[in-house]
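Take a look at the structure set out below.
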Amino acid sequence: MARQHAQSAPTEGAERRALLPEPPQRPVLPPFAYHSLVGVVAPTDEPCVCCGQVRGWVCTGPVFGAEAPYAGICPYCIAFGKAAARYGATFNDVIDGDVPDEVAREILERTPGIPSWQSPRRLTHCGDAAEYLEAGDADGQPTSYLFRCRVCGARLAYSDFT
């Protein structure tokens, strides 16, 4: 006796998935030694205001400089120093403690800023700037900012209020 194979009809969900285009793949973000990028990048299909290329991402952190655009700079233009050179921009304001000049330049000119209620502070430990990990808040106030020492791994934090 021959076996009969039942043909199964595709499910409605599978049909829908087959008709939908694949979502666009965003490029990998550039690495930042002093920033996790949590809370400071957003997807976009618009071109970067600095390089004019559609990079798939835009930084949402603060930008300091009279000629600097308020928004629309891609993380690649920050990482490679193009935005700092073109606009005379910096992305961080205050570094708490002494760090080598090259570290200070990397933090100020080639690292996304930290969104904060007050002037953002970059914490230091073991003679180096600490890596910004994330901010946490309770209904908007107070906000705490978490960092990690790149040398010893110590966790550091500060908080501010509106």
Side-chain angles (χ1 to χ4, degrees), residues 23-162:
Q25 295 295 316
R26 303 231 177 255
V28 174
L29 289 161
F32 292 93
Y34 296 98
H35 206 299
S36 68
L37 298 181
V38 170
V40 298
V41 293
T44 186
D45 294 323
E46 298 296 319
C48 170
V49 298
C50 183
C51 68
Q53 296 184 42
V54 177
R55 301 284 197 153
W57 301 101
V58 66
C59 284
T60 59
V63 181
F64 304 97
E67 303 297 318
Y70 180 71
I73 299 173
C74 74
Y76 306 92
C77 284
I78 294 174
F80 304 133
K82 185 172 185 171
R86 181 172 183 181
Y87 302 115
T90 60
F91 301 94
N92 291 277
D93 197 19
V94 177
I95 300 174
D96 284 355
D98 293 326
V99 295
D101 288 345
E102 180 53 36
V103 171
R105 289 195 61 194
E106 184 170 347
I107 294 294
L108 297 172
E109 299 174 2
R110 296 184 308 275
T111 300
I114 300 168
S116 68
W117 291 107
Q118 308 295 329
S119 183
R121 296 170 39 207
R122 175 63 61 161
L123 300 182
T124 62
H125 199 263
C126 295
D128 192 11
E131 177 189 9
Y132 171 75
L133 299 177
E134 65 182 329
D137 65 15
D139 298 324
Q141 296 193 59
T143 301
S144 59
Y145 303 91
L146 180 62
F147 295 81
R148 177 179 46 230
C149 176
R150 292 173 16 100
V151 176
C152 74
R155 299 288 178 142
L156 312 163
Y158 78 92
S159 62
D160 67 7
F161 305 83
T162 58

Inset, instruction - Run the numbers on Val151 and His125 for side-chain contact (heavy atoms from CB on, under 4.5 Å), then give the verdict. - result: CA-CA 8 Å; Val151 176; His125 199 263; over 6 Å; no
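- In terms of modelled atom types and a separation under 3.5 Å, the side chain of Arg122 and the main chain of Tyr34 share a donor-acceptor contact.
- The backbone N or O of Arg121 lies less than 3.5 Å from no partner atom in the side chain of Asp96, so there is not a single donor-acceptor pair.
- Listed for the Trp57 side chain is no donor-acceptor partner under 3.5 Å among the backbone atoms of Tyr76.
- Shortest non-hydrogen contact noted between Leu156 and Cys149 is CD1-N, 4.5 Å.
- Distance check, rounded to the nearest 0.5 Å: CD of Glu102 to CD1 of Ile107 gives 10.5 Å.
- Between Glu131 and Arg148 there is a salt bridge, since at least one side-chain N of the basic residue sits less than 4.0 Å from a carboxylate O of the acidic one.
- Ring-plane geometry between Tyr145 and Tyr132 is classed as tilted, the angle between the planes lying from 30 to 60 degrees on a 0 to 90 degree scale.
- Residues Phe32 and Pro75 come closest through the heavy atom pair CZ-O, 3.4 Å.
- The line from CG of Leu37 to CG of Leu133 is 11.5 Å long, rounded to the nearest 0.5 Å.
- In this structure, CG in Asn92 is found 7.0 Å from NE2 in His35, a value given to the nearest 0.5 Å.
- Contact check for Asp45 versus Arg26: side-chain heavy atoms found under the 4.5 Å cut-off.
- Put simply, the side chain of Thr90 never gets that close to the backbone of Leu108: no donor and acceptor are under 3.5 Å apart.
- Here the closest non-hydrogen pair linking Pro112 and Ile78 is N-CG2, 3.8 Å.
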Legend entry - Audit row: Thr124, Arg150, side-chain contact (heavy atoms from CB on, under 4.5 Å) steps and yes/no: CA-CA 9 Å; Thr124 62; Arg150 292 173 16 100; over 6 Å; no
Inset, instruction - Could you walk me through whether Val41 and Cys59 pass the side-chain contact (heavy atoms from CB on, under 4.5 Å) test, one step at a time? - result: CA-CA 4 Å; Val41 293; Cys59 284; 4.1 Å; yes
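- Rounding to the nearest 0.5 Å places CG of Leu29 at 11.0 Å from OG of Ser36.
- Atom CZ of Phe91 is separated from atom CZ of Arg110 by 11.0 Å, given to the nearest 0.5 angstrom.
- Taking every heavy atom of both residues into account, Thr143 and Ala135 meet most closely at CG2-CB, 4.1 Å.
- Without hydrogens or angle criteria, Ser144 side chain to Tyr158 main chain gives no donor-acceptor distance under 3.5 Å.
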Inset, instruction - Could you please spell out the steps behind the side-chain contact (heavy atoms from CB on, under 4.5 Å) verdict for Ile73 and Lys82? - result: CA-CA 10 Å; Ile73 299 173; Lys82 185 172 185 171; over 6 Å; no
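- The nearest pair of heavy atoms linking Ser116 to Asp160 is CB-OD2, 3.9 Å.
- Listed here is the closest heavy atom pair of Pro100 and Gly127: CD-O, 3.5 Å.
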